[in-house]
A.B. asks: 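My questions all concern the structure below.
Every chain is numbered from 1, with letters handed out A, B, ... down the list of sequences.
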Number of protein chains: 2
Amino acid sequence: MKELTIQQKKVLQCIKFYIKKTGFPPTRADICRELGFKSPNAAESHLRALEKKGYITIENGASRGINLTENTAEQSQTIPVIGLVAAGSPTLADENIEKHIPYQESLFLSDFDYFLRVKGLSMKDAGIMEDDLVAIKKTSEVRNGDIVVARIDDEVTLKYFQSSGNQIKLIPANDDFEEIYINKETEGFFIEGKSVGLIREN
Amino acid sequence: MKELTIQQKKVLQCIKFYIKKTGFPPTRADICRELGFKSPNAAESHLRALEKKGYITIENGASRGINLTENTAEQSQTIPVIGLVAAGSPTLADENIEKHIPYQESLFLSDFDYFLRVKGLSMKDAGIMEDDLVAIKKTSEVRNGDIVVARIDDEVTLKYFQSSGNQIKLIPANDDFEEIYINKETEGFFIEGKSVGLIREN
DNA sequence: ATTTATACTGTATATATATTCAGTAAAATT
DNA sequence: AATTTTACTGAATATATATACAGTATAAAT
């Protein structure tokens, strides 16, 4: 799809926001009000540009006859899938994002920030298998028994969390793997977040 | 929420369908066209009734100013969760439906009909744990290695599927459970569907 | 160098649309 | 038995809305 200008992006965002807020698309006048234009033709031209570039369709003659293209509608509702690379942290930086998948607000009980693609079988006995997508909420507030994403220097790992005092144990759910003992103040140690759910695509 | 009459349900369905099709709500005239009314006031009265009962809100003066209530909007996008009861089949009958959860069309690669709430640990080594929700597609076309929902008389069970000729093996993913051998033509045996995905709420 | 796209203001207008008023009739509720 | 709700037709109308036309100005593409 053709790139949008900054103004056109603003107009598209305005349409999305208006629909989310009211349930129906804006009129030309509504767009002018939201973005400070003084002529309805300003909105009209932008709409025609968005239509030409394939981001919306317009039903001629119909009031509020704006329809977001499939592609456009989904863009606002995706969540990144991040690969668990042995070296490197799961940040939201573009180079770490595997793909985007549709986002459903109330899919899990807690909200979450990204999906982590699982590599290896260290959490096998917790029912977390290779290639599963674990929903991660970014937080450092974790409790004993939580499944957490922990970073130790450049290593990122998914384990059970267990702490007593300053001592932290990262426990795998697989006898073939070793427990990791670490100190709270250890340099380079960091809790990225915790698991709040899981989805698997067969 | 107050119950709707048959006519009111038709009007509400019409609005939902129109929005799904065009991306924006219908006018009074649109509703008349879709449902065969000859006066715009027929639509108007129904809309006011739907508003009064809390299924929609109407922004006065705005064209197409119909907004589906949160509750209403979600109704069209939910998928049932069905408990795996030892006796009884996972049908879509009301009494078997545990709850409804929001539905995302493209959540898994294949579409699916309902979620099955897992009881027991017979598929533990396949990473399917107690209380997981397995996405089931209703079909009898299954292949060797698929995880299937099989019914034998009143027993419903989730197992690996393996067939050779007329002989069918239902294999658990847990050494504590026994394999089930059965014949294709056995009375009361039936493949309900197969697993196409899984979600877990921590 | 010329054309096209972007980014608007400002005016005008046909028509799309919500909404009111006047009825009729049957069913449900009080 | 009286009132309210449901379920419409039919006509009228104020206004909400899309959209065309006339300009101005700058940036980008050919």
A.B. asks: Please state how far atom CD1 in B:I58 lies from atom C1' in C:dT19, giving the value in whole angstrom units.
C.D. replies: 11 Å
A.B. asks: Without decimals, in angstroms, what is the distance between A:L47 CG and D:dA18 P?
C.D. replies: 9 Å
A.B. asks: Can you tell me how far P of C:dA5 sits from CG of A:L50, to the nearest Å?
C.D. replies: 15 Å
A.B. asks: At under 4.0 Å between heavy atoms, what does B:K10 touch on the DNA or RNA strands: base, sugar-phosphate, or nothing?
C.D. replies: nothing
A.B. asks: Within the structure shown, what part of the strands sits under 4.0 Å from A:A29 by heavy-atom distance: base, sugar-phosphate, or nothing?
C.D. replies: nothing
A.B. asks: Let me know the distance between CD of A:E51 and C1' of C:dT6, rounded to the nearest Å.
C.D. replies: 17 Å
A.B. asks: Side chain of B:Q8 only, heavy atoms from C-beta on: which candidate in D:dA7, D:dT19, C:dC8 is closest?
C.D. replies: D:dA7
A.B. asks: Counting side-chain heavy atoms from CB outward, which of D:dT19, C:dT17, C:dT6 is closest to A:T5?
C.D. replies: C:dT6
A.B. asks: Nearest to the side chain of B:R64, which nucleotide is it out of C:dT19, C:dA18, D:dA18?
C.D. replies: C:dA18
A.B. asks: Between atom NZ of A:K124 and atom CG of B:D125, what is the distance when rounded to the nearest 0.5 Å?
C.D. replies: 5.0 Å
A.B. asks: Please determine whether a side-chain nitrogen or oxygen atom of A:K53 lies at a distance below 4.0 Å from atom OP1 or OP2 of C:dT6.
C.D. replies: yes
A.B. asks: Supply the atom-to-atom distance A:F17 CZ to A:L12 CG, rounded to the nearest 0.5 angstrom.
C.D. replies: 14.0 Å
A.B. asks: Can you tell me if the side-chain N/O atoms of A:N60 get under 4.0 Å from OP1 or OP2 in D:dT19?
C.D. replies: yes
A.B. asks: Whole angstrom is fine here: how far is it from CZ in A:F37 over to C1' in C:dA7?
C.D. replies: 8 Å
A.B. asks: Mind checking side-chain contact (heavy atoms from CB on, under 4.5 Å) for B:D176 and listing every partner two or more places apart, or none if nothing turns up?
C.D. replies: B:N174
A.B. asks: Would you mind reading off the distance between B:L4 atom CG and D:dT5 atom C1', rounded to a whole angstrom?
C.D. replies: 14 Å
A.B. asks: Is any side-chain N or O of A:R48 closer than 4.0 Å to OP1 or OP2 of D:dT19?
C.D. replies: yes
A.B. asks: Kindly calculate the angle separating the two end axes of the helix from C:dA1-D:dT30 to C:dT30-D:dA1, each obtained from five base pairs, and round it to 10 degrees.
C.D. replies: 40°
A.B. asks: Using only side-chain N and O atoms of B:R28, determine if any of them is under 4.0 Å from OP1 or OP2 of C:dT17.
C.D. replies: no
A.B. asks: When you compare the protein's N or O atoms with those of nucleotides 11-15 of chain C, which come within less than 3.5 Å of each other, and at what distance?
C.D. replies:
none

A.B. asks: Could you state the atom-to-atom distance from CD of A:Q7 to P of D:dT26 in whole Å?
C.D. replies: 17 Å
A.B. asks: Check every atom of D:dA18, C:dT9, C:dA5 against the side chain of A:A42 and return the nucleotide holding the closest atom.
C.D. replies: C:dT9
A.B. asks: Could you check how far CG of B:L35 sits from P of D:dT9, rounded to whole Å?
C.D. replies: 11 Å
A.B. asks: Considering residues at least two apart in sequence or located in another chain, which fulfil the salt bridge (Lys or Arg N to Asp or Glu O under 4.0 Å) criterion with B:R33?
C.D. replies: B:D30
A.B. asks: Does OP1 or OP2 of C:dT6 have a side-chain N or O of A:H46 closer than 4.0 Å?
C.D. replies: no
A.B. asks: Quick one: list whatever passes salt bridge (Lys or Arg N to Asp or Glu O under 4.0 Å) with B:K52, sequence neighbours left out.
C.D. replies: none
A.B. asks: Checking all strands, does A:E44 fall into the base, sugar-phosphate, or nothing category for heavy-atom contacts under 4.0 angstrom?
C.D. replies: base
A.B. asks: Could you list the residues that satisfy side-chain contact (heavy atoms from CB on, under 4.5 Å) with A:K9, not counting sequence neighbours?
C.D. replies: A:E3, A:L4
A.B. asks: Using a 4.5 Å cut-off on heavy atoms from C-beta on, say whether the side chain of B:E179 contacts that of B:Q162.
C.D. replies: no
A.B. asks: Measuring from A:N41:CG to A:L47:CG, what's the distance to the nearest 0.5 Å?
C.D. replies: 10.5 Å
